[in-house]
**Student:** 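Encoded as structure tokens, here's the structure I'll be asking about.
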Amino acid sequence: MTEPVNGSVRAPVLEVRGLTKAFGALVASKDISLDLRAGEIHALIGPNGAGKSTLIAQIAGELMPDRGEVRLDGQEVTGWSTAARTRAGLARTFQISSLAMEMTVLQNAVLGALGARGKVMRFFAPALGDRALVERAMAALEAVGLQDLAALRTAELSHGQRRQLEVAVALTLAPRAFLMDEPMAGLSASGSRRLMSFLDGLRERAPILLIEHDMDAVFALADRISVLVNGEVIATGSAARIRGDARVQEAYLGEEACAGAGGEGRGEAAP
Amino acid sequence: MGVRRETMVNALLLAGLLAVPLWALWADEPFTITLATRVAILALAGVGLNLALGTGGLVSFGHAVFFGIGGYAMGILAFHAQNYTPLIEAFSIPGTRSMPVIWAVAVLASALAALAIGALSLRTSGVYFIMITLAFGQMFYYFTISWPAYGGEDGMSIYLRNNFPGVNTLVPFNFFAISYTLLAAVLLLVGRLMRAPFGLALSAARQNETRLRAVGIDPYRLRLTAFTLSGAITGLSGALYADLNRFVSPSMFSWQTSGEIMIFVILGGVGRLFGPVAGAALFILLEHFLGGISEYWHIFLGALLLGVVLFARGGLIGLLAGREVAHD
Ligand SMILES: Nc1ncnc2c1ncn2[C@@H]1O[C@H](COP(=O)(O)OP(=O)(O)OP(=O)(O)O)[C@@H](O)[C@H]1O
Ligand SMILES: [Mg+2]
């Protein structure tokens, strides 16, 4: 909250220390340490299967690490449930949209607002008649440009619109930190630009740990970048540093360039 | 649009369920009144199950437990009242013939049972949940069979219908009116609950548990609450059913009873507020008319169920009102 505005290092909101997770012989997270500081967008990049989503799942509490710890605002939350972490201020979006598909767009957002408020055991007054809930939900939908689709069933949304709704639901939570797993995947070019400029401003409300494959977006947005390869963070630093890092070039970015501008850039093995 | 259409279908159902016994009253057809009363009471049992199964996605194959507890609450209280023996010797607490008191005991006892059963079985899901609830049902069934104090296997008869202040409950239409009013009141309450924050979150727990956790809500407490309320409603219906027949027996606890309650829900439309009303009405109509033609009428019921499951997931309400539309 009260980080030095002009200081170059702000207090970490989220800290990951020595996180390790194996699926049988596959080590999906190898002794990962990183932090997310107030006011920043920290991008997490890496080829397919590097372990990015697995890391987010451990931070969010869906997956228990074998070793290591997660701290939110200095408090260790490693053993907490997902719901408890969310209430403590972690909001995530899913790589594969995870929404209540039979509900309307508005209801999904209201569900987020309800979670943020925490008073779920209310049995009589309609949720959608609650001004405070609906206003909070509508504000989030407007922020991502879904306000006109509020009454639509979520199942009827396009893939890209579902991604936007994911972000809107996270917004209703007004969290201390955002975890976003490829929020721009599947968006149109204009939708992607719009979300980029939105995230650009959002970092001042709460920092964002952002997984993203689009390198242009990453270099445009990120204050810092961490590169994950085979479950290991091989480099963390500013965009300029990461661009110039030989290991990163070799492991990831070089192939990115080979794959062509704006291409999938999914880091297939190149000879 | 769809909302209004379903509201209209619901209103017609409710009106129809009232019109039939009114006509029967005029035409002096008491048996028809009894049929309508059965529909109202069994619909209430279904409304209870539908809250767990339809809204909460909790496929309970043990709701006969609550139906039976409601029934035995009535049976035991009235048994002591008619025999002038105290219910609990040590405190000389008497039985009672008062419906409101019986209902309160039935609701409380079945809610407690649902709370306990839910607390244990909601730690599982899917097939395991179905099996555990079924196992609880069987436990209660065999317990009542081997419990001689209240008739054991034979069950017990209550000679007079219980009392309701200011109403002659022996008049068939009066007892119908009581059952119908309770059904309508519960429908009103459950309808509100489904739109309230609790209902929204419960429905989200069914649709996508991961999403619910990711907005900071734990599904367990929601489900346990829903299961408890659901058991309480089905328990109330059991007490009424026992009063309708003036008879309770272990068969109220049988898995066939659980199955029938589930059939009301599926026939009428899983998760639709008035689904169990439509389902119970259809069931009783089939039983009455087809049952008169052949004692193997369950074959037709089976075929109908198959048709609903394969081609009309929304059940009768879905056919009449179209796909469910989210509430305003
Ligand atoms: N539950 C699981 N059980 C076994 N292996 C898993 C499990 N979850 C992930 N993995 C494996 O762990 C590795 C990391 O997967 P993860 O989804 O985290 O990669 P990612 O970096 O998010 O990739 P992408 O860019 O494709 O989203 C993969 O090899 C994956 O197959
Ligand atoms: Mg991933």
Side-chain angles (χ1 to χ4, degrees), chain A residues 57 60-62 81-94 96-130 133-134 150-156 165-166 169-170 172-173 175 179, chain B residues 1-3 51 54-57 185-186 188-230 232-233 269-273 313-314 318 322-328:
Chain A
E62 282 145 27
S81 71
T82 304
R85 291 180 207 209
T86 308
R87 291 194 293 269
L90 269 183
R92 69 163 302 182
T93 70
F94 293 86
I96 297 164
S97 297
S98 186
L99 298 158
M101 300 304 275
E102 294 166 36
M103 289 185 182
T104 62
V105 170
L106 178 62
Q107 282 174 320
N108 266 288
V110 165
L111 187 69
L114 191 61
R117 188 164 74 178
K119 289 173 183 154
V120 182
M121 292 295 178
R122 295 289 180 275
F123 300 89
F124 293 107
L128 295 189
D130 188 318
L133 284 183
V134 173
L152 213 61
R153 263 166 72 96
T154 303
E156 285 160 36
L165 182 51
E166 285 266 327
V169 176
T172 62
L173 295 171
L179 310 169
Chain B
M1 179 198 84
V3 173
L51 181 58
T55 311
V186 170
L188 187 82
L189 289 178
V190 173
R192 295 212 60 136
L193 175 147
M194 280 166 72
R195 291 168 180 231
F198 175 79
L200 188 75
L202 179 65
S203 168
R206 181 193 80 239
Q207 294 177 41
N208 189 340
E209 186 176 325
T210 307
R211 167 43 66 197
L212 189 71
R213 294 183 196 277
V215 298
I217 303 173
D218 270 313
Y220 180 76
R221 209 160 62 102
L222 288 173
R223 289 182 177 144
L224 187 55
T225 308
F227 196 75
T228 304
L229 290 172
S230 158
I233 295 170
V270 176
R272 312 298 279 262
L273 181 59
R313 284 289 176 81
R323 195 170 69 177
E324 186 164 30
V325 177
H327 301 301
D328 38 26

**Student:** With a 4.5 Å cut-off on heavy-atom pairs, point out which of D218(B), T210(B), L193(B), L200(B) contacts chain A the most.
**Tutor:**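 The option with the most such pairs is L200(B).
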**Student:** With rounding to the nearest 0.5 angstrom, report the CD to CZ distance, Q107(A) to R195(B).
**Tutor:** 9.5 Å
**Student:** Looking only at heavy atoms, which two atoms of V120(A) and A201(B) are closest? And how far apart?
**Tutor:**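 Residues V120(A) and A201(B), closest heavy atoms: CG1-CB, 3.5 Å.
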**Student:** For I96(A), what residues pass the side chain to side chain contact (heavy atoms under 4.5 Å, CB included) criterion, not counting sequence neighbours?
**Tutor:** none
**Student:** Are any side-chain N or O atoms of Q207(B) and backbone N or O atoms of E102(A), one a donor and one an acceptor, separated by less than 3.5 Å?
**Tutor:** yes
**Student:** Which pair of heavy atoms, one from A196(B) and one from F123(A), lies closest together, and at what distance?
**Tutor:**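 Shortest heavy-atom separation between A196(B) and F123(A) comes out as CB-C, 3.4 Å.
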**Student:** Specify the closest pair of heavy atoms between P126(A) and P197(B), including all atoms of both residues, with the distance to one decimal.
**Tutor:**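 Taking P126(A) first and P197(B) second, the nearest heavy atoms are C-CD, 4.5 Å.
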**Student:** Going by side chain to side chain contact (heavy atoms under 4.5 Å, CB included), name the residues that satisfy it together with T154(A), two or more places apart in sequence or in a different chain.
**Tutor:**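 So T154(A) forms a side chain to side chain contact (heavy atoms under 4.5 Å, CB included) with L99(A), M101(A), V105(A), N108(A), L157(A), L165(A).
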**Student:** Please flag which part of R206(B) lies under 4.5 Å from any non-hydrogen atom of chain A: side chain, backbone, both or neither.
**Tutor:** side chain
**Student:** I need the residue from T82(A), L111(A), L173(A) with the largest number of non-hydrogen atom pairs under 4.5 Å to chain B.
**Tutor:**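 Highest number of pairs under 4.5 Å: L111(A).
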**Student:** With a 4.5 angstrom heavy-atom cut-off, is it the side chain or the backbone of T225(B) that approaches chain A, or both, or neither?
**Tutor:**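 Side chain only.
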**Student:** Report which part of A170(A) has an atom under 4.5 Å of a heavy atom belonging to chain B: side chain, backbone, both, or neither.
**Tutor:** neither
**Student:** Just wondering, do R213(B) and R85(A) contact through their side chains at under 4.5 Å, heavy atoms?
**Tutor:** no
**Student:** Where does V169(A) contact chain B at under 4.5 Å (heavy atoms): side chain, backbone, both or neither?
**Tutor:** side chain
**Student:** For residues L114(A) and V215(B), determine if any side-chain heavy atom of one lies less than 4.5 Å from a side-chain heavy atom of the other.
**Tutor:** no
**Student:** Using a 4.5 Å cut-off on heavy atoms from C-beta on, say whether the side chain of L222(B) contacts that of M121(A).
**Tutor:** yes
